[in-house]
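First the proteins, then the strands, lettered A, B, ... as listed; each starts at 1.
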Protein chains: 2
Amino acid sequence: MEDYCLDELDYAILKILQTDSRITYDDLGKKLHRSKTPIFERVKRLERLGYIDSYVTLINYTKLRECLMSYISVKLTDHSIEALQDFATNACALPEVMECAHLTGGTDFLLKVVTKNMEHYNEFLFRKLGKLPNIANLNSSIVIGQNKSSPVIPF
Amino acid sequence: MEDYCLDELDYAILKILQTDSRITYDDLGKKLHRSKTPIFERVKRLERLGYIDSYVTLINYTKLRECLMSYISVKLTDHSIEALQDFATNACALPEVMECAHLTGGTDFLLKVVTKNMEHYNEFLFRKLGKLPNIANLNSSIVIGQNKSSPVIPF
DNA sequence: CGTCAAAACCGAATTAAATTCTGAAACAAA
DNA sequence: TTTGTTTCAGAATTTAATTCGGTTTTGACG
């Protein structure tokens, strides 16, 4: 892997692409006072070097179908590296789990979970997540309203 | 706004677009055994009707620069609708806040926050978030490892 | 300073994709 | 069946992505 230190143009490109992955190279060039060629080459380099992970589409799920979102904090009984890793692997494999983070402090993991409704949520909690080994304690909080959810990282 | 009930083809399109917003209509059509014309028209309709929110780029922020992620649970002193709404508005306006959810249970809000490092985090906590009105209590958990973070919603 | 090599850039040329257009097939209501 | 509507495929066109050739900029080195 090359070593390459991003310059201001690279940062500017990433900043714009973060909120619009379908902008044309021409328009991107106009915003950044360059022709499309260098912009194109830089985007390809950012992809190649792994600064760009993926291009995704955000869909309006609440409009699409009923949707229940919740956060679940998880405590484990065993805190060995293997046990922690195992839990993470198992939890991440569940499609309802949109986020899984290993935390400092009282709880070991925080999960963000999406299901269709309370019935599916119960099903998920007791039949899937609850059946994973090594769980001491699960604590759910249901999302009443999602005020912000943005993949855009501040610069 | 038209009323329109999505069919299986629409769902299939959304499912694929969720993980790849730059696939060509031609390729999308091949996956779904259609020519690109109907696929194109359906995507435009999904955009028009608001099922598709946006096309975004996910960047590898940890590769880009140092990065500290944390979850902060917030309790307020005043639980009137206005106070709740005010807090949400103020918190969402902070660029460090990537997610802001209003929860059931003991805590009122859960925030996902990104800063460059502990110094910036303290700055954020005491100078920005902590200065918002009506906060009873803030409880931070630092993310040791992010095992999954996906905008892909299960179908 | 000049010289050289590498990298970045621009504009034109080409290739590929998006978008539009035309008409055929499927479907539903009368 | 007839009629109107929707969906679709394939061709035609427009627009964008990608490649190419050559110029400018930049930075190392004598």
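- Taking all atoms of both residues into account, the shortest heavy-atom contact from A:L32 to A:A12 is CD2-CB, 3.6 Å.
- Phosphate proximity of D:dT18 to A:K44: present, with a side-chain N or O under 4.0 Å from OP1 or OP2.
- With DNA chain D read from its 5' end, the first of the two nearest nucleotides for B:R42 and A:T37 is the one closest to B:R42.
- Looking at heavy-atom distances under 4.0 Å, A:Y25 makes contact with sugar-phosphate atoms alone, never a base.
- One can place CZ of B:F40 at 20 Å from P of C:dA16, the figure rounded to the nearest angstrom.
- Comparing D:dA9, C:dC9, D:dA16 by their nearest atom to the side chain of B:P38 picks out D:dA9.
- Side chains of A:Y61 and B:Q18: a donor-acceptor N/O pair is absent below 3.5 angstrom, by distance only.
- Nucleic acid contact for A:R22: none, since no nucleic acid atom lies under 4.0 Å from a heavy atom of the residue.
- Within the 4.0 angstrom heavy-atom criterion, base atoms lie near A:S35.
- Judged by distance alone, the side chains of A:T37 and A:Y25 never bring a donor and an acceptor atom under 3.5 Å apart.
- Side-chain nitrogen and oxygen atoms of A:R45 include at least one within less than 4.0 Å of the OP1 or OP2 phosphate oxygen of C:dA8.
- Whole-Å rounding puts the A:E41 CD to D:dT18 C1' distance at 10 Å.
- Per the geometry, CG belonging to A:L46 stands 12 Å off P belonging to C:dA8, to the nearest Å.
- At whole-Å resolution of the value, NZ in B:K36 and P in D:dA11 are 11 Å apart.
- Counting all heavy atoms, side chain and backbone alike, B:R42 lies closest to B:I13 at CB-CD1, 3.8 Å.
- A:D10 places its CG atom 13 Å from the C1' atom of C:dA7, with the value rounded to the nearest Å.
- In this structure, A:L32 atom CG and C:dC10 atom P are separated by 11 Å, rounded to whole Å.
- No engagement by A:L28 is indicated, since no non-hydrogen atom pair under 4.0 Å with the nucleic acid exists.
- In this structure, A:K30 atom NZ and C:dC10 atom P are separated by 13 Å, rounded to whole Å.
- Atom pair B:I39:CD1 and C:dT20:C1' shows a separation of 17 Å (rounding to whole Å applied).
- No hydrogens or angles considered: nothing links the side chains of B:T104 and A:S141 as a donor-acceptor pair under 3.5 Å.
- Across D:dA9, D:dA16, C:dC10, the shortest atom-to-atom separation from the side chain of B:R34 is found for D:dA9.
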